[in-house]
Amino acid sequence: MSLIKTEYFDIIYSKESKDTALLLVQNVDRLYQKAADALNSQHKLRMPVIISPDSDVLSVDYTPYPYNRIIIFDSTADYDTAVFKDSMLGLFYREIYKALSQSIRSPFNQFVAKWIAGDSYQPVALFNLPYSFIEGNAYLAESSEGEGLLNDGYFLQLLSQAKLEGKFPQWSQVITVRDTYPGEELALAAGTGFSAFLMNTYGAEKYAELWEESGKINPLLTHGVFKNTYGLTLTELWNQFEESVPLPASLMVLESYEKEGELVFPKDKDANYEHILITDYGTVWYDRIRHEVDIFDEHSQLKMRQILFLADKIERMALSPDGRFIAVTNIQPRSVEGLYSVSSSIYDLKERKFLDQKYQLRDAAIVLTETGDYAVAGVNIKDVTPALEIHTMPLDEKKKEKTTLIFRQDFARNTIPFSPVYSGNGFVAYIRAEGTERYLCRLNFGKSQNNSEEQNLIEQSWLIKADGQKDSEPPLKIQHLSCQRRGGSPIYTFTYTQPGDSTFTRAGFIFLTDKFEPAAVRLTSTDVSGGIHYPFVSSRNELFYSAKKYSQNQLRKVDLSAVELENGYLQKAGKENLASANNESGNHSQSSLSDYNVRNYNPFKYMTDLSFTPFFPIKILDLNEGNLYWPGLGVSIENQPDPCMNTQAVLSLGWTYLPLDFSWTKNMPSSYLARIRSESLNLKKDKSAAFYIENSSTPVKIRAGAIFNFNLDGEYNFKILAGTQWKIPLGLALRQLIFDIQGSYTVSTDYYDQTKSDIRPGLSAWPSFRSAYELYEISAKVEYTNIHQYGYSTFEQRGLSVGVRSYLMWDMCEVRLLQEARKNLAPNNSNLTNAEKKNLLSETISDITQFNVGWFATIAIPRLLPFSMKDNWIFSMPGVINAEFVNKPGTALESSFKVLLIGREIHNSVIPYVLYSRRAGLWFGYNMALVYDTSEVRLPDIRHADYLAEVFQGVSYTQAIYLILNLDLNITTGKLATVPINTTLTGTYYPESHGYGISLDVRFHL
């Protein structure tokens, strides 16, 4: 990788991103100065900017952890990011504005950041302003010159919809990103709208004063900075903001479609309808909440929705001209976390299966060539600049053939084709985004490209406007072009917003001749609650659409004759020779990277940049569940020597932890008591020192660490562990194959198996490692999982997880006892348990204590009762079944089942100004286990003959019945608002012993 220094930035890039690096080198200092002038910032920042070509989704993100930097994934803009004249520079300005905003500090805080705490010490974000307000400020800044999401007509509709339904959120409901619908969209829209309100109502000077106040330490935190700045409480300001949110001008007829039309599935209130298609085989849609593509065939005997296939992050579904095939485009996570690839597949509705071919294209659609052959059109975004491509689509006797490229047209960086559709044999139509404008285009791709002469590719293009609009007025901002047939006649449908007006998303129709020439343009002239999304006109002249309500999406239909339409027109933008246009666009800059001082990138210079997290030291290192940070007297120091975020290192020191785990027990069975005792002994060691390092620069994630927990009585645990993990995504859905290998060395004053605590007592007074209990373990695991959320509540999960785990264990205490007994030829040594004596006499046992293979499985059931969520209450009783077979010492078989008796998605403050609750749930559970005495029965070992029979011959049955109350919380202060807190109160009854246990567990997930 290479590096170029500017006045404020270190631009780090690879050869694949050299064009983007040149663009940034030429502009980033100007953008920095523009943001600094807007904020009147006096603090000079310097930070690395890392450009990576490894993801198909364009993103620019600033982070101060562990030091200031901006990470760019370099790709082609999508609908959400193609809202600037130059998307890369527009997004970069937003993030540098955010960096400077968060870095506002009082002189005292600036001293602390510079000499003690580092870049991540930002009172604005840590104490005073929540995530949504900070993001909203940055989104407002990007829109100051008429660009950005705030000006695209789509971004703020959710707020108007919430107000229309009487569900406008309180400020405490948007301080953090909801993990349920509508998710991040709500936080960003509310934060941006509120920032715009403050600026417009109280002026830029007061707004700047708010940020200066946020850079100080204020005892009342968020509420204090607003009160000190505006003289009003945050609640009073928020109420004023709600009053200012506009509603559509056509409010009187807003519900007209709902009066004339109907819900397609009135009883299905837990679905989220997108990408609607009306086919001869039934109504097809993508359900983003259930992560599946479904079909409803009214002629089917079942009269119910059926799953076509599981899918996640579907971005487009387009129907073939004959209605048999669907081109499906989805975003799929790569094996490295945070990276994504975009691809398209073809689904055969008749055969109910996918074709073998896969296309590396975005926005794929099925078209016909001049000869009537099927072909797949889409946008290639694998390079920095987009290209419209047409590939063959092998069928029938040719279905095993590889696809071939038959047409390609390159575009400039900020000229992006979207939503290609069939436009007659040999023709393709599409939306062309050029800066902030949207053109409807039609192109003839039918000419052969086999000759060496350059073709004259003539593109026809139009702007779409409503009647009465002048040519000088901005055109409609169109999206999601689709080609359909209504009674044999072709028709284009699209969605649009009215420039400068407070309207919801509307639908447009371009009626075509048989030669696909525009005959008429008709636009919906009034608004409908939820807007009209993914419109589709059926052969019965019915308009199907998705209405995006505040709490859910509805699939609705209305007779097209009942829809109020107005005329629109196509304003010709001319015909353009794309070949010559691209030649000109490729020569716009006379400079190159050779004009700058290019040097080799050296990651080691960033090793001294640290981030401090006080009062949250690491308590437990766990490669499976993640490290546990526990509030207490201590600090965690994070270092990422690689600005690309590939390598993370954490050093943690803790001295006395806040007691957050409590338990009360009576007459517990020994197997359950052993678990409680192990947890209690770990909590008793209330001092710690830990080091952890992780690298994800390859598809295989590498992790390693060491932790030393101890107390002043000389009791301790010391553990070194390392492991690798890689995930292989399968298909279009949330299906993964996970491979995991781990190894560890543990030495402790407490024996790992607490059922033997009477013969392996706890030690103290700092025994040497050799005198303590040493344990070596190596394990390998293979797991398949497709468990995913299946409803609006995260309580509702669906899917299966199944895996196998092989492991080796060396219990050095037992190994040494056996070695000594063999040496002394004393099989009746009283220091040996009966199980160890069997091992002593076995010729198959070496010094490996255990070599075994275990199985585990989980089944998640989203609904045991056919009830929908009502007023955010969950009555459907989702359940989870777990089973483990010889997977841990002392347990031959364990199975548990738990069911949610009642739950609620709260997403509101439970203690005003202090605590925000995401959800609460009451679970009933049952656990059964076949356990064996590890003193009498040897651990299961595949080297033993009939080892399973030996284990199960000595088992006893134990069971537990329990109730669990879950409460998920957030603290409503600054960065803590983004830290989930899980609170679990468990009450357990043990029938055999008539015992009970009560425990309370509070966990922070940093």
Side-chain angles (χ1 to χ4, degrees), residues 9 11 17 19-39 49 51 55-62 70-101 135-157 184-185 188-189 191-193 195-196 362-363 379 381 383-386 411-419 431-439 463 474-480 496-497 499-500 573 585 588-589:
F9 301 98
I11 310 296
S17 300
D19 291 338
T20 302
L22 177 60
L23 176 71
L24 292 177
V25 167
Q26 294 171 334
N27 291 279
V28 288
D29 286 341
R30 172 183 62 83
L31 295 176
Y32 179 98
Q33 197 58 55
K34 176 183 174 183
D37 292 343
L39 290 164
V49 176
I51 310 171
S55 182
D56 289 346
V57 178
L58 172 64
S59 66
V60 182
D61 292 299
Y62 160 75
I70 292 177
I71 301 101
I72 297 173
F73 288 113
D74 189 14
S75 187
T76 300
D78 56 19
Y79 274 125
D80 289 335
T81 51
V83 291
F84 305 93
K85 293 177 181 177
D86 188 298
S87 295
M88 178 63 69
L89 297 183
L91 294 173
F92 189 90
Y93 176 72
R94 181 179 75 197
E95 295 305 304
I96 194 58
Y97 191 93
K98 181 165 65 176
L100 287 169
S101 300
E135 290 290 327
N137 177 55
Y139 277 80
L140 178 63
E142 76 174 14
S143 306
S144 61
E145 297 179 358
E147 302 180 37
L149 281 172
L150 190 61
N151 296 299
D152 79 338
Y154 295 92
F155 186 52
L156 298 181
Q157 290 183 26
E184 187 178 31
E185 182 182 352
L188 295 180
T192 305
S195 298
R362 185 177 75 183
D363 278 355
V379 183
I381 59 171
D383 300 321
V384 176
T385 55
F411 290 84
R413 171 191 285 271
N414 289 296
T415 302
I416 306 168
F418 287 102
S419 306
I431 294 173
R432 189 183 80 224
E434 193 166 322
T436 57
E437 292 191 328
R438 303 287 185 269
Y439 296 85
L463 295 169
L476 304 183
K477 187 155 286 186
I478 62 174
Q479 291 188 359
H480 301 298
Y496 75 93
T497 55
S585 66
H588 67 281
S589 176

Which atom names give the shortest non-hydrogen contact between [X] and [Y], and what distance separates them?
X      : Y      : result
Asn151 : Ser143 : ND2-O, 3.1 Å
Tyr79  : Ser419 : OH-OG, 2.8 Å
Gly136 : Ser195 : C-OG, 3.6 Å
Ala82  : Ile416 : CB-CD1, 4.3 Å
Arg438 : Val83  : NH2-CG1, 4.4 Å

_side-chain contact (heavy atoms from CB on, under 4.5 Å) between Ile381 and Leu58, intermediate numbers included_ = CA-CA 10 Å; Ile381 59 171; Leu58 172 64; over 6 Å; no
*asked:* If the condition is salt bridge (charged side-chain N to carboxylate O under 4.0 Å, His left out), which residues does Glu184 pass it with, not counting sequence neighbours?
replied: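 Checked Glu184 against salt bridge (charged side-chain N to carboxylate O under 4.0 Å, His left out); zero matches.
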Without hydrogens or angle criteria, can the side chains of [X] and [Y] be said to hold a donor-acceptor pair below 3.5 Å?
X      : Y      : answer
Asn137 : Ser101 : yes
Ser144 : Tyr93  : no
Thr20  : Asp74  : yes
Glu437 : Tyr439 : yes
Asp37  : Gln33  : yes

Using modelled atom types and a 3.5 Å cut-off, is there a donor and acceptor pairing between side-chain atoms of [X] and backbone atoms of [Y]?
X      : Y      : result
Ser87  : Thr81  : yes
Glu95  : Ile70  : no
Thr192 : Glu135 : no

*Which of these passes side chain to side chain contact (heavy atoms under 4.5 Å, CB included) with Pro386: Asp363, Val379, Thr415, Asn414?*
Val379
*Decide yes or no on side-chain contact (heavy atoms from CB on, under 4.5 Å) for Phe9 and Leu24, but give the supporting numbers first.*
CA-CA 10 Å; Phe9 301 98; Leu24 292 177; over 6 Å; no
Interatomic distance, [X] atom [atom1] to [Y] atom [atom2] [nearest 0.5 angstrom]:
X      : Y      : atom1 : atom2 : value
Ile72  : Tyr62  : CD1   : OH    : 14.5 Å
Leu156 : Leu188 : CG    : CG    : 10.5 Å
Gln26  : Ile11  : CD    : CD1   : 11.5 Å
Arg362 : Asp56  : CZ    : CG    : 9.0 Å
Phe73  : Ile51  : CZ    : CD1   : 12.0 Å
Glu142 : Tyr97  : CD    : OH    : 11.5 Å

So, do [X] and [Y] sit near enough that their side-chain heavy atoms are less than 4.5 Å apart?
X      : Y      : result
Met88  : Asn27  : no
Thr497 : Gln157 : yes
Glu185 : Phe155 : no

*Yes or no on ring pair (Phe, Tyr, Trp, His ring centres under 6.0 Å) for Phe418 and His480, after CA distance, side-chain angles and deciding distance?*
CA-CA 8 Å; Phe418 287 102; His480 301 298; 9.0 Å; no
*Tell me whether the guanidinium CZ or amine NZ of Arg94 lies under 6.0 angstrom from the six-membered ring centre of Tyr139 and within 45° of its axis.*
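The answer is yes; both the distance and angle limits are met.
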_Apply side-chain contact (heavy atoms from CB on, under 4.5 Å) to residues Leu89 and Leu23 and explain how you reach the verdict._
CA-CA 8 Å; Leu89 297 183; Leu23 176 71; 4.0 Å; yes
_Strictly by salt bridge (Lys or Arg N to Asp or Glu O under 4.0 Å), give each pair with a member in residues 19-33 just once, sequence neighbours left out._
none
*Would you mind checking if Lys34 and Glu145 are paired as a salt bridge, meaning a charged N to carboxylate O distance below 4.0 Å?*
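Judged by the 4.0 Å cut-off on N to carboxylate O distance, Glu145 and Lys34 do form a salt bridge.
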*Given Phe92 and Leu31, is the side-chain contact (heavy atoms from CB on, under 4.5 Å) satisfied, shown in steps?*
CA-CA 8 Å; Phe92 189 90; Leu31 295 176; 4.0 Å; yes
